[in-house]
Amino acid sequence: MSEGTTRRKILVASAWGTLAGGTVLTARLVGAAIGPRPLPRRRLLAVGPARALAEGGVLRAGEVIVIHDERGIAAVSSRCTHLGCTVTVNARGFECPCHGSVFAMDGRVLQGPATGPLPWYEVLLGEDGELRVNLDRTVDPTARLDLREVR
Amino acid sequence: MSAPRSVRRSFFLHIHPERVRERTLDPRATLGLGVISVVLLGVLLVTGVALMFWYVPAPGAAYDRMVDLSGGALPLGGLIRDLHRLASDALVVVVVLHLARVYLMGALSRPRRLNWLVGLGLMLLVGATAFTGFLLPWDLEAYWAATVGGELIGLLPVLGQWMQGLFWGGARVGEDTLLRAFAFHVAALPLAGTVLLGYHLWRVRRSGGLAQAAAEPSSLVPTRPALTLRELILGLVVIAALLAAAVLWDAPLGLPGHPPRPIDPAKAPWFLLWIQELVSYSNTLGGLIPLLLLALLVLAPLAETQPELTGRWLAPGRRGRCIAMLVVLALIVALILVATYLRGPGWRLMI
């Protein structure tokens with residue numbers, strides 16, 4: 001009698017255990033399937049040959065805007081620090097088309113809702129004459145890659 | 001051998017009892033909003049399944065398919081898409097009106113507290129399904145809505161970052177985002193919605209049908225044909241109206257969203273424009289106000305301590321909070337109108 005009761009208890013306990021274990025396993029499996037893909041390793045963003053970007057020129061590549069002014073070449077993020085829209089460039093600076101944030105030419109916030117400035121990235125010139133933006137390293141807004149110096 | 005008639009009928013009797021209160025027949029009691037919602041869901045299901053036979057959830061291909069659909073590659077394909085979009089827009093409006101109707105009539109006191117919450121959950125599911133559906137054509141509007149939407153989700157407390165990863169499928173919007181929007185739109189959200197809707201309808205019946213004032217005399221009438229006929233007519237009117245509108249109106253399609261380019265201004269789907277308007281002042285405003293409103297809706301049944309006020313439009317004891325709700329709804333509509341018609345390039349006011 002007591003043996004039967006014990007057997008039943010063991011069976012019921014293992015049933016619960018299987019259910020609990022199965023639930024955890026299912027949650028893990030589903031979680032792995034629906035979780036975000038791992039972060040891509042940020043690389044150097046190739047933006048084209050340096051000679052293609054004349055002084056006074058502006059070009060867009062990925063999430064950066066590369067400018068060439070009288071002091072040299074610099075790259076600023078084109079991703080609005082508010083909610084990620086791509087800013088437009090005009091004479092005043094940069095403007096967000098989604099919520100109206102305005103940034104000065106050096107990336108400072110002139111008008112909200114954005115609260116942080118647009119970051120500037122290091123620009124590198126390769127042996128091959130190709131410009132690359134190092135998205136892993138932010139620099140001061142005044143920093144420039146001086147082509148005359150490089151040459 | 002087919003099942004006896006009584007058994008076949010009893011399946012539908014789970015939705016409707018054999019007899020209903022006479023009041024249920026009065027269009028002024030419910031405005032038919034719940035029935036309209038269910039009819040719209042039916043239209044969405046049929047047109048949605050048809051669209052799935054055509055759609056490809058990949059950037060580029062998704063857009064091309066939409067162009068082909070409207071360009072006549074599929075007989076009446078454009079009409080199917082128009083109907084799907086119209087029914088979706090209509091459903092968003094109707095579920096909000098349904099929520100307002102239930103509130104203004106005080107039909108959220110015991111024993112309807114739980115069903116009020118289930119209804120709120122259904123409303124959020126409708127919103128999420130409409131939003132993910134808006135992304136599927138993957139035009140530029142969709143791309144930027146996915147970007148801004150994901151950023152906003154990421155700002156939510158506690159689960160925000162996790163939900164952002166779940167939605168984007170990566171650190172940024174990409175092809176995984178579209179695939180996920182598709183999976184949410186055609187499977188995960190409708191599945192959850194179907195289960196919740198079944199429970200919602202069952203709870204209405206369990207709570208004794210339509211809420212009504214205790215003092216009101218309740219004479220019962222047979223459900224068939226009085227109520228079923230009225231529901232059938234309402235359903236046919238809704239479908240006829242949708243068809244007429246779909247012939248006259250074309251579902252919008254922006255510029256291709258792959259590869260992404262900026263658009264100016266970039267506007268959210270219309271039912272989220274009030275949040276975009278708030279967020280353009282500050283994230284705190286745009287985040288806190290919708291969350292606060294949701295919290296108030298969740299807690300609303302706690303204020304309903306007098307069941308005798310149930311079943312009447314703007315009952316004297318509840319008039320204040322009913323008016324407050326109408327004011328909030330009017331403000332939301334006003335913000336949507338401002339964002340739709342008065343916001344131009346750089347999100348500047350055009351007045």
Side-chain angles (χ1 to χ4, degrees), chain A residues 26-43 45-47 58-65 76-104 109-116 118-119 135-136, chain B residues 140-141 143-155 161-177 179-180 183-184 187-188 259-268 273 275-287 339 343-349:
Chain A
T26 309
R28 289 290 302 264
L29 286 173
V30 172
I34 67 174
R37 300 282 169 276
L39 265 166
R41 245 173 56 81
R42 283 195 152 185
R43 284 161 299 136
L45 177 71
V47 296
V58 174
L59 73 84
R60 284 176 178 278
E63 288 184 350
V64 296
I65 296 170
V76 64
S77 166
S78 64
R79 189 180 166 82
C80 180
T81 54
H82 176 227
L83 291 174
C85 287
T86 298
V87 295
T88 56
V89 194
N90 61 28
R92 281 168 76 196
F94 308 96
E95 262 183 21
C96 174
C98 290
H99 306 97
S101 297
V102 181
F103 302 88
V109 177
L110 291 181
Q111 183 190 308
T115 51
L118 296 174
L135 295 171
D136 287 327
Chain B
L140 284 172
E141 277 78 5
Y143 180 87
W144 293 112
T147 302
V148 175
E151 290 278 352
L152 268 176
I153 291 170
L155 295 177
Q161 287 296 312
W162 180 80
M163 284 166 66
Q164 184 186 71
L166 184 69
F167 171 48
W168 277 353
R172 286 283 199 271
V173 172
E175 55 182 356
D176 279 282
T177 313
L179 183 59
R180 275 156 193 252
F184 277 121
R261 281 174 298 143
I263 36 170
D264 193 8
K267 292 188 181 182
L273 277 176
I275 297 180
Q276 185 173 10
E277 186 63 29
L278 290 173
V279 165
S280 77
Y281 296 99
S282 85
N283 278 353
T284 323
L285 264 185
R343 290 296 185 178
W347 200 250
R348 277 184 293 272
L349 274 178

Measure B:Ser282 against the heavy atoms of chain A and call it side chain, backbone, both or neither at under 4.5 Å.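 Just the backbone, heavy atoms under 4.5 Å.
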Let me know if B:Pro345 has heavy atoms under 4.5 Å from chain A in its side chain, its backbone, both or neither.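 Contact with chain A is absent: no heavy atom of B:Pro345 under 4.5 Å.
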Using residues 148-155 of chain B as the side-chain source, report each donor-acceptor pair under 3.5 Å to any protein atom, sequence neighbours left out, with the distance given to one decimal.
residue	atom	partner	partner atom	Å
B:Glu151	OE2	A:Arg79	NH2	2.3

Would you say the side-chain atoms of B:Arg343 pair up with the backbone N or O of A:His99, donor to acceptor, closer than 3.5 Å?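 Looks like no, no N/O pair under 3.5 Å.
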For B:Arg180 versus A:Ile34, what's the shortest heavy-atom pair and its separation?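 Nearest pair, atom of B:Arg180 first, then A:Ile34: NH1-O, 2.6 Å.
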Heavy-atom closest contact (A:Thr86 atom, B:Pro262 atom, distance):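 A:Thr86 and B:Pro262 have their closest heavy atoms at CG2-CG, 3.7 Å.
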Between CH2 on residue B:Trp144 and CG on residue A:Leu83, distance to nearest 0.5 Å: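 B:Trp144 CH2 to A:Leu83 CG: 12.0 Å, rounded to 0.5 Å.
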What option among A:Cys98, A:Ala114, A:Gly84 has the most heavy-atom pairs under 4.5 Å with chain B?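 The candidate making the most pairs under 4.5 Å is A:Cys98.
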Around atom CZ of A:Arg92, are there more than 12 heavy atoms of other residues, nucleotides or ligands at under 6.0 Å?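 Counting other residues, nucleotides and ligands, CZ of A:Arg92 stays at 12 neighbours or fewer.
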Heavy-atom cut-off 4.5 Å, strictly under: side chain, backbone, both or neither for A:Cys96 against chain B?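 Backbone only.
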